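Please read all numbers here as calculations on a predicted model, not as lab measurements. Computation of the quantities below employed the complete heavy-atom set of this structure, encompassing side-chain atoms and omitting hydrogens, waters and symmetry-equivalent molecules.
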Amino acid sequence: MLDKRYDFKKIEEGKVANWREKGYFLAGDTSKKPFSIIIPPPNVTGILHIGHATDNTFQDIICRYKKAKGFDVLYLPGVDHAGIATQAKVDAKLKAEGIDRFQIGREKYLEEAFKWKNEKSGIIHAQWEKLGLMLDYTRERFTLDEGFQDAVFLVFKRLYDEGLIYRGERIVNYDPEMKTALSNIEIVYKEDKGHFYYFKYRFVDDKNNYLSIATTRPETMFGDTCIVVNPNDERYKDVIGKKVINPANNEEIPIIADEYVDINFGTGAMKCTPAHDPNDFIIGKKYNLAHPVIMNTDGTMTAECGKYSGLDRFECREKLLKDIESHDDLIKIEEITHQVGHSERSDAVVEPILSKQWFVKMKPLAERVLENQKTEHKVKFYPERFENVLTRWLSDIDDWCISRQLWWGHRIPVWYKKGSEELVVSKTCPGNTDEWYQDEDVLDTWFSSALWPFATLGWPKETPDFKRYFPTSCLVTGYDIIFFWVSRMIFQSLHFTNQIPFNDVVIHGLVRDPKGKKMSKSAGNGVDPIAIIDQYGCDSLRYYLATTAAPGLDIKYNEEKIASSNAYLNKIWNSARYVLMNIPNDFDANTKIDFNDLNELDKFIFVRLNETIAKVTGAMDKYEFGIACSNLYSFVYDDFCDFYLEMSKVSLSNEAYNKNSTYYTLITILKNILLMIYPFAPFISEEIYLSLPNHKDSIMLESYPEVDKSVSFDISNILFVKETIEKIRAYKVNNELKPNEKIKLFIKTSKNIDSLIPYIQRFTFASSITLTSEEVSGSSIIIDGGILYIQDDVSKEEKLATLNKQLESVLKDIDRSEHLLNNPNFLNKANPDKVKEEQEKYRKYLEQRKLIEEKIKNI
RNA sequence: GGAUGUUUAGCUCAGCUGGGAGAGCAUCGCCUUUACACGGCGGAGGUCAGAGGUUCGAGCCCUCUAACAUCCACCA
């Protein structure tokens, strides 16, 4: 027998381990249709946060649902080495121990990084288990494992051979703290306070006159190669071709004209620094200008900068400003706020620097995706609008910088011959190790993540798993990584497997703090999913996440709702207790009663169950978990607990009813509720399920409820009883009667409800109930299908007030109805069923009005 | 500058193809009743942001406006 209290701690303990050990999480039953979800691999940077919990909960709900629906479900786990993010953490850890990575060298450093990875993935495993995920651990993967090395190499090689990977000298954004290049999307623009510095660039032939040039980054002046003005700018027509003196280094630079310059911005004259600004670089190329690199990748100044060389960029700026000011070449300083690029990982201000990097040529790959999205084989997004986020980004995409000056990751498989331009793409040294050396850089971590859905299944080998589970069925992720990850998986998959990587993409929002702010470590407003589980239970957290997350919309974290999820589960727990307490030990659990032989009330709840199964299944198939849950919720609460269970107390205590019918119904309905709540709350479902008579070893071996088409029954008599009880209860409250006050009840109806009288009796506390075809004295309430007459001790005035209230309500209905029915357009154009329905209602309202008015007269 | 989303009860939010406004929490009244006080019964509380339009009918579709949020692109 179940405990009186729903104790989630006791229930959740050990269940996952048990399921896993019994092999319920294993995929591979080839007698069934395959269904696969590959987990988005969490970074091995630390512990899982509430966002992961959301992701994983959704996936697990889908997997458990599909498994119950008869699929061979593969839910494949894995973790991501997360190049720069992890390296930042490991660097910081070593730094705290007083170690610099360059001291210990690459090999030793990687040992440290792997140690870190093993530790973190251990924690992640424990968290997955706490979240109740049905992961098939026998197939776990890691983005740096051997198979991935093969996949990454093959992809690099093929793209290189096809000319889609190239090495080029371009302006890339550098993270001076991590000392590595970044791709465009790894830059986060933030509004920062800064300054606009105006300098005098004096004319060589007339040192008393000058051009006023503004910049936000004075330190880049060492890289100036010219001044650019717009050829149509009247102010500068005469100075084009002249030379000015760069106040930073006294070099003479020419003034040239190009339409790129905006006449209305700043002074209309712009300094051009080709090696340190993407737009300047383009101009530099156009006019074949020099492109001196004046800053190192660590943010210090190069030898180009004379006495400033070696200084940090910001130190250099301060010193340079003072020096220029002392020459009287500083005009003014304006305070401005502008968008400044920061590194997503280190938060350092990024620096555009010209350098040689490896790139993926994006146009052809992106084009293929865009074309494919126009076909019926496209990747389907839920909600659909996120497809536009993808396609807009792909339609206007720059080449992807894939080389990173890091150690943690896939080393670029390129070997250079010393003293020559020759290079070879190879896993191992192509010749004498004295002559060849490997590229020092590693690949962007997303380069390997992009292969995740197929490389995890064994690609490039044609493994049985790859053949069976690819393309995967569904990807669940947040909208924040559509660019980083989703898009890249799609183009790599189309290019290398000629298939989309997943059929459906389910996009959910981000979990925000109660004020709507993004959760982050620095703000300290994050919530730890494990702490929530410890307080409210995993089932409560899962149910909360599933019901709160409307597709694609952000979730504001709301602890109250987790508590109410817990209360709901407690309700189910107690309804189960009631069922189990009332089923006698000798009841044969194999009893199967034909629908037509059931008590009326039992038929009613089966009809409701059937409707609920249809609604819930429909919503589940569209990943609409909130809708599925709210339908189930109203069935559990309104139909089952509040109504059916209460009524069943009569069925079980009154000889007039078939008790076996009720036993059978109680058990069956409960079981169906468990099966539907199970994907959301697997622990409590399992616990209760195992208390049911005739259960299997686990609820995981059960099938999902199906709609039973043979169930057909007119429930109007039951609804009449329901309304009768509700109306009497309300009557008592409104007339200051105690709930259990005895009344004499007369019911005038043409319905045959003889067999349902005991139910009415018990819940209205009527001392007598009489079915009548005549009018009776006393207070009266008109309901759908009849009139209730109540004889009690309530005064005339109070009765009159009650009646007037009823009359008011009916008059309102009549008004609305007449308005509709007097409208010829409604009659002509509306759905005929609707019209008929309305006419029927109107007739009923008129009848009710007549009756109430008569009552009032009689009083 | 471009795009998207949000605006519904005091608070947090649902509302699927247009057909009498819903939940949780909070609140008010009654109730210890053998599943549950993590409860039951009943009530109060809404110009569905605003303005137009389409429609017999709009929270839902269209247009505009406002506020908030997010993403993309950003000029020295």
Side-chain angles (χ1 to χ4, degrees), chain A residues 2 4-6 184-185 189 196 213-217 220 227-228 260-262 264-273 277 279-280 338-339 341 383 385-386 388-389 392-393 396 479-480 482-483 509-510 512 514 516 518 544 547-548 550 552-561 563-582 615 618-619 622 624 626-627 629-631 633-634 637 641-642 645-646 649 725-726 729-734 736-740 763 812-813 816-817 819-820 823-831 833-835 837-838 841:
Chain A
L2 302 176
K4 182 166 180 186
R5 266 178 80 102
Y6 158 50
N184 296 351
I185 48 176
Y189 286 90
F196 226 165
I213 306 283
T215 179
T216 52
R217 295 186 296 155
T220 64
I227 301 296
V228 192
Y260 169 77
V261 175
D262 181 352
N264 298 316
F265 187 86
T267 62
M270 176 190 102
K271 74 187 200 59
C272 179
T273 320
D277 183 283
N279 295 312
D280 293 7
H338 57 161
Q339 301 282 343
R385 66 187 148 87
F386 286 102
N388 298 333
V389 176
R392 252 184 334 114
W393 187 67
D396 185 27
Y479 59 72
D480 53 331
I482 292 177
F483 302 143
L510 309 179
R512 295 174 176 279
K518 208 166 171 174
Y544 162 75
T547 48
T548 319
L553 294 182
D554 287 350
I555 305 168
K556 232 181 266 184
Y557 178 69
N558 185 340
E559 194 168 334
E560 277 177 358
K561 284 201 177 173
S564 76
S565 299
N566 187 270
Y568 172 49
L569 296 176
N570 181 60
K571 186 77 177 175
I572 293 178
W573 178 263
N574 274 290
S575 68
R577 282 187 68 224
Y578 169 83
V579 172
L580 295 168
M581 281 164 81
N582 281 286
K615 285 183 201 158
K622 287 187 283 180
E624 301 265 12
I627 292 173
C629 285
S630 75
N631 279 306
Y633 182 92
S634 62
Y637 248 95
C641 291
D642 290 350
L645 281 193
E646 292 303 321
K649 291 171 184 172
I725 293 167
E726 283 163 3
R729 280 170 170 164
Y731 173 86
K732 287 184 175 178
V733 170
N734 294 334
E736 308 296 327
L737 295 174
K738 293 265 180 196
N740 59 358
F763 294 99
K812 232 167 102 185
D813 285 335
R816 189 193 61 81
S817 208
H819 187 76
L820 264 182
N823 181 344
N825 285 322
F826 174 72
L827 299 175
N828 295 332
K829 296 187 186 177
N831 184 332
D833 289 344
K834 274 280 159 200
V835 177
E837 195 182 306
E838 197 56 44
K841 279 182 192 170

Should F265(A) be counted as stacked on C75(B), where stacking needs a ring-centre gap under 5.5 Å and an angle between planes under 30 degrees? yes
Just to verify, what does [X] make a side chain to side chain contact (heavy atoms under 4.5 Å, CB included) with, not counting sequence neighbours?
X	answer
F483(A)	I185(A), V389(A), W393(A)
A563(A)	Y536(A)
T273(A)	T220(A), D224(A), K271(A), H276(A), D280(A)
V835(A)	F826(A), L827(A), A830(A), Q839(A)

Would you say the side chain of Y260(A) lies within less than 4.5 Å of the side chain of V228(A), judging by non-hydrogen atoms?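 Answer no - side chains too far apart.
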Taking the side chain as every heavy atom from C-beta outward, state whether N558(A) and T548(A) have any pair of such atoms under 4.5 Å apart.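 No - every pair of side-chain heavy atoms lies 4.5 Å or more apart.
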Kindly say if [X] contacts the phosphate of [N], meaning a side-chain N or O under 4.0 Å from OP1 or OP2.
X	N	result
K556(A)	C11(B)	no
N828(A)	C56(B)	no
K738(A)	C30(B)	no

Rounded to the nearest Å, what distance is computed from the [atom1] atom of residue [X] to the [atom2] atom of nucleotide [N]?
X	N	atom1	atom2	value
H819(A)	G19(B)	NE2	C1'	14 Å
L737(A)	C31(B)	CG	C1'	14 Å
I572(A)	A35(B)	CD1	C1'	13 Å
L580(A)	C36(B)	CG	P	14 Å
N558(A)	G24(B)	CG	C1'	9 Å

Partners passing side chain to side chain donor-acceptor pair (under 3.5 Å) against [X] (at least two apart in sequence or in another chain):
X	value
E838(A)	R816(A), S817(A)
R385(A)	none
K649(A)	E646(A)
Y633(A)	none

Regarding N570(A) and N566(A), do their side chains bring together a donor and an acceptor under 3.5 Å, going by distance alone?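 Judged by distance alone, the side chains do not pair up.
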Span that lies between the [atom1] atom of [M] and that of [N], in whole angstrom:
N	M	atom1	answer
A37(B)	U32(B)	P	15 Å
C11(B)	C16(B)	P	23 Å
G46(B)	U33(B)	C1'	35 Å
C31(B)	C48(B)	P	37 Å
A51(B)	G59(B)	P	13 Å
A3(B)	A73(B)	P	15 Å
U12(B)	G2(B)	P	31 Å
G19(B)	G50(B)	C1'	25 Å

With nearest nucleotide decided by heavy atoms, which residue, G268(A) or L645(A), maps closer to the 5′ end of RNA chain B?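 Looking at RNA chain B, the more 5' nearest nucleotide goes with L645(A).
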With RNA chain B as reference, determine whether N823(A) or N574(A) sits nearer its 5' end, using the nearest nucleotide of each. N574(A)
Quick check for you: among [options], whose closest atom lies nearest to any side-chain atom of [X]?
X	options	answer
R385(A)	G5(B), A76(B), U12(B)	G5(B)
M581(A)	A35(B), A76(B), C56(B)	A35(B)
E560(A)	A37(B), U55(B), C25(B)	C25(B)
K561(A)	A35(B), U4(B), C13(B)	C13(B)

Please determine whether any donor N or O and acceptor N or O are separated by less than 3.5 Å between the side chain of K841(A) and the base of G20(B).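 Per atom types, the contact qualifies.
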K732(A) (side chain) donor-acceptor with P739(A) (main chain) under 3.5 angstrom: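 Flag set: sc K732(A) to bb P739(A) pair under 3.5 Å.
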Dot-bracket, 5' to 3', for RNA chain B please: Watson-Crick or G-U pairs under 3.5 Å, [ ] where pairs cross earlier ones, | where the partner sits on another strand, dots elsewhere. (((((((..((((.....[..)))).(((((.......))))).....(((((..]....))))))))))))....
When all nucleic acid strands are considered with a 4.0 Å heavy-atom cut-off, which category describes V261(A): base, sugar-phosphate, or nothing?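 Base contact - V261(A) has a heavy atom under 4.0 Å of at least one base atom.
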Classify S630(A) by what it touches in the nucleic acid, base, sugar-phosphate, or nothing, heavy-atom distance under 4.0 Å. nothing
How does protein contact run along nucleotides 67-73 of chain B, one letter per nucleotide 5' to 3', with B for base contact, S for sugar-phosphate only, - for none, heavy atoms under 4.0 Å? ---SSS-
Aromatic plane relationship, Y557(A) with Y544(A) - under 30° parallel, 30 to 60° tilted, over 60° perpendicular: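 If you compare the ring of Y544(A) with that of Y557(A), the planes turn out perpendicular.
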Review item, nucleotides 39-45 of chain B N/O atoms under 3.5 Å of protein N/O:
unit_1: G39(B); atom_1: O3'; unit_2: K571(A); atom_2: NZ; d: 3.2
unit_1: G40(B); atom_1: OP1; unit_2: K571(A); atom_2: NZ; d: 3.0
unit_1: C41(B); atom_1: OP1; unit_2: D642(A); atom_2: OD2; d: 3.4

Could you work out, with ring pair (Phe, Tyr, Trp, His ring centres under 6.0 Å) as the rule, every residue matching F196(A), not counting sequence neighbours? Y198(A)
